[in-house]
Amino acid sequence: MTLRLLAVHAHPDDESSKGAATLARYAAEGVDVLVATCTGGERGDVLNPTLDREEVRRDLPAIRRREMADAARILGIRHTFLGHEDSGLTEPPPAGSFAALPLPEATKPLLDLMREFRPQVVVTYDETGGYPHPDHIRTHEVTTAAFAESDDGTPRKLYYLATLSRSWFQAIHEATLAAGQESMMGPVLEELPPADVLTVTTRIRCEDHFATRDAALRAHATQMDPEHPFFAHSREIERKAWPWEDYHLARTNGPVEIGAGLEDDLFAGLR
């Protein structure tokens with residue numbers, strides 16, 4: 001049986017900042033991994049001060065597509081755009097943008113892709129979107145709708161990303177301080193909710209792929225400030241303190257054998 005994993009994201013770069021080491025691990029193991037990006041990130045900003053120039057801003061949609069292709073190559077995965085227009089952060093979202101479309105219309109490209117690709121496992125955001133960007137929330141909505149509407153029984157498990165949780169930031173912060181190093185996680189922790197949003201059901205060991213994750217993230221050069229705190233902590237400390245990426249099993253479709261305790265495989269019960 002060919003194992004197939006579909007990760008659904010809102011914008012180019014989301015796949016590299018959320019669950020990328022998991023994707024790289026499964027791709028290296030021979031799983032057919034496909035990332036579907038709902039929009040092109042056309043209304044995004046240039047977040048890297050060294051690239052914030054007029055010519056870059058003018059050509060940003062094309063640049064972000066090239067960045068996405070580079071990141072996919074680094075991760076060893078396949079990739080497709082679903083063709084929706086970035087909604088930006090204005091309220092209400094612009095007419096015709098992803099968040100403004102009726103849900104059935106917004107869902108159709110992903111549902112068509114699921115029926116063609118036939119993944120056993122689908123990964124996306126929880127109902128908060130991971131953060132309250134309209135496209136992230138709509139990505140959750142279309143993915144859960146497409147999972148429910150897939151009528152051939154192929155998508156068996158739907159997971160929500162539980163990465164970049166308070167627990168992750170806290171663990172890296174404490175391990176960094178314990179190693180006698182300065183941590184840049186303190187200010188981030190002050191802004192986070194006091195508890196994790198999701199219950200973790202699944203932990204994927206992927207520390208051998210953190211370097212691949214980082215390289216893919218840096219490929220999105222317009223979106224990644226090299227001075228961002230995420231790049232500041234020791235990767236050796238991270239590999240020891242938190243060698244996995246976390247997920248929440250949200251739904252199953254058909255009989256799936258769920259064991260006791262934490263899963264260590266997104267395909268648990270399906271192999």
Side-chain angles (χ1 to χ4, degrees), residues 1-41 64-84 86 98 106-126 129-130 135-136 138-161 163 202 204 206 209 212-213 215-217 219-220 245 247 249-254 256 265-268 270-271:
M1 179 178 65
T2 300
L3 299 178
R4 293 177 294 275
L5 168 61
L6 174 64
V8 188
H9 286 282
H11 310 109
D13 81 75
D14 288 325
E15 83 299 326
S16 295
S17 61
K18 305 166 187 69
T22 298
L23 301 183
R25 171 191 152 170
Y26 278 113
E29 292 176 354
V31 174
D32 191 358
V33 180
L34 175 64
V35 166
T37 306
C38 293
T39 81
R64 294 196 72 177
R65 283 181 172 268
R66 292 195 294 270
E67 291 174 344
M68 182 65 243
D70 288 343
R73 175 183 52 78
I74 291 166
L75 293 171
I77 63 170
R78 295 200 284 148
H79 174 261
T80 188
F81 282 104
L82 294 181
H84 295 299
D86 189 346
F98 185 35
T107 300
K108 187 178 186 306
L110 179 59
L111 180 57
D112 290 344
L113 177 66
M114 280 191 188
R115 288 170 172 164
E116 176 186 353
F117 181 56
R118 305 181 73 241
Q120 294 95 347
V121 172
V122 180
V123 174
T124 195
Y125 320 126
D126 65 67
D135 288 336
H136 280 245
R138 178 45 60 99
T139 296
H140 162 81
E141 292 169 348
V142 301
T143 306
T144 53
F147 184 86
E149 292 176 35
S150 296
D151 47 17
D152 65 357
T154 303
R156 304 289 296 282
K157 302 174 81 175
L158 174 65
Y159 286 94
Y160 295 158
L161 289 151
T163 55
T202 310
I204 306 302
C206 52
H209 301 277
T212 303
R213 171 203 67 190
L217 197 53
H220 293 282
E245 290 178 334
Y247 297 84
L249 178 59
R251 301 186 188 182
T252 59
N253 181 19
V256 177
D265 179 12
L266 296 179
F267 293 91
L270 301 179
R271 293 182 186 266

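Numbers here simply count residues along the sequence, with the first being 1. The model shown is predicted, which means the values in this text are computed figures rather than measured ones.
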Can you measure from CZ (R138) to SG (C38) and round to the nearest 0.5 angstrom? 10.0 Å
Considering residues at least two apart in sequence or located in another chain, which fulfil the side chain to side chain contact (heavy atoms under 4.5 Å, CB included) criterion with T212? A24, I74, L75
Where do I204 and L266 come nearest, in terms of heavy atoms and distance? CD1-N, 3.7 Å
Can you confirm whether H220 sits close enough to S16 that some side-chain heavy atom of one is under 4.5 Å from a side-chain heavy atom of the other? yes
Could you check whether R251 makes a cation-pi contact with F147, meaning its NZ or CZ is under 6.0 Å from the centre of the six-membered ring and within 45° of the ring axis? no
Distance from L3 atom CG to Q120 atom CD, nearest 0.5 Å? 5.5 Å
Look up atom NE2 in H79 and atom OG1 in T37, then write down how far apart they are to the nearest 0.5 Å. 2.5 Å
With the side chain counted from C-beta on, respond yes when L6 and L113 share a heavy-atom pair under 4.5 Å apart, and no when they do not. yes
For H84, give me all partners under ring-ring contact (aromatic ring centres under 6.0 Å, His included), at least two apart in sequence or on another chain. F98
How would you list, by chain and number, every residue that makes a side chain to side chain contact (heavy atoms under 4.5 Å, CB included) with T163, sequence neighbours excluded? K18, L161, E245
With the side chain counted from C-beta on, respond yes when T22 and Y247 share a heavy-atom pair under 4.5 Å apart, and no when they do not. yes
Inter-residue atom distance C206.SG - R213.CZ, 0.5 Å rounding: 8.0 Å
Closest non-hydrogen atoms of P12 and R64, given as atom of the first, atom of the second and distance, are O-NH2, 2.6 Å
For the student: nearest non-hydrogen atoms of K157 and A268, plus distance: NZ-O, 2.7 Å
Shortest non-hydrogen contact between T139 and D135, atoms and distance: OG1-O, 2.7 Å
Sequence-distant partners of H11, ring-ring contact (aromatic ring centres under 6.0 Å, His included), two or more places apart: H133, H136
Tell me whether N253 contacts the main-chain N or O of P155 through its side chain, where contact means a donor paired with an acceptor under 3.5 Å. yes
Look at the side chain of Y159 and the backbone N and O of A250, then say whether any donor-acceptor pair between them is shorter than 3.5 Å. no
Applying side chain to side chain contact (heavy atoms under 4.5 Å, CB included), run through L5 and F267 and close with a yes or a no. CA-CA 9 Å; L5 168 61; F267 293 91; 4.0 Å; yes
Spell out, as yes or no, whether a donor-acceptor pair under 3.5 Å connects the side chain of E15 to the backbone of D13. yes
Would you say the side-chain atoms of R118 pair up with the backbone N or O of T154, donor to acceptor, closer than 3.5 Å? no
Decide if atom CD of E116 counts as having more than 12 heavy atoms of other residues, nucleotides or ligands within a radius under 6.0 Å. no
With sequence neighbours excluded, what pairs up with A146 under the side chain to side chain contact (heavy atoms under 4.5 Å, CB included) test? T107, L110, L111, M114
How long is the span from the CD atom in E67 to the CG atom in L217, to the nearest 0.5 Å? 10.5 Å
Any donor-acceptor N or O pair under 3.5 Å, side chains Y26, D265: yes
So, T124 and H9: side-chain donor and acceptor under 3.5 Å apart, yes or no? no
Check side chain to side chain contact (heavy atoms under 4.5 Å, CB included) between R66 and all other residues, then give those that pass, not counting sequence neighbours. D59, A62, I63
About how many Å separate CZ of R156 and OG of S150, when rounded to the nearest 0.5 Å? 12.5 Å
Which one of L34, D14, T143, V35 satisfies the side-chain contact (heavy atoms from CB on, under 4.5 Å) criterion with V8? T143
Taking R115 first and then D152, would you say they form a salt bridge - that is, a charged N and a carboxylate O separated by under 4.0 Å? no
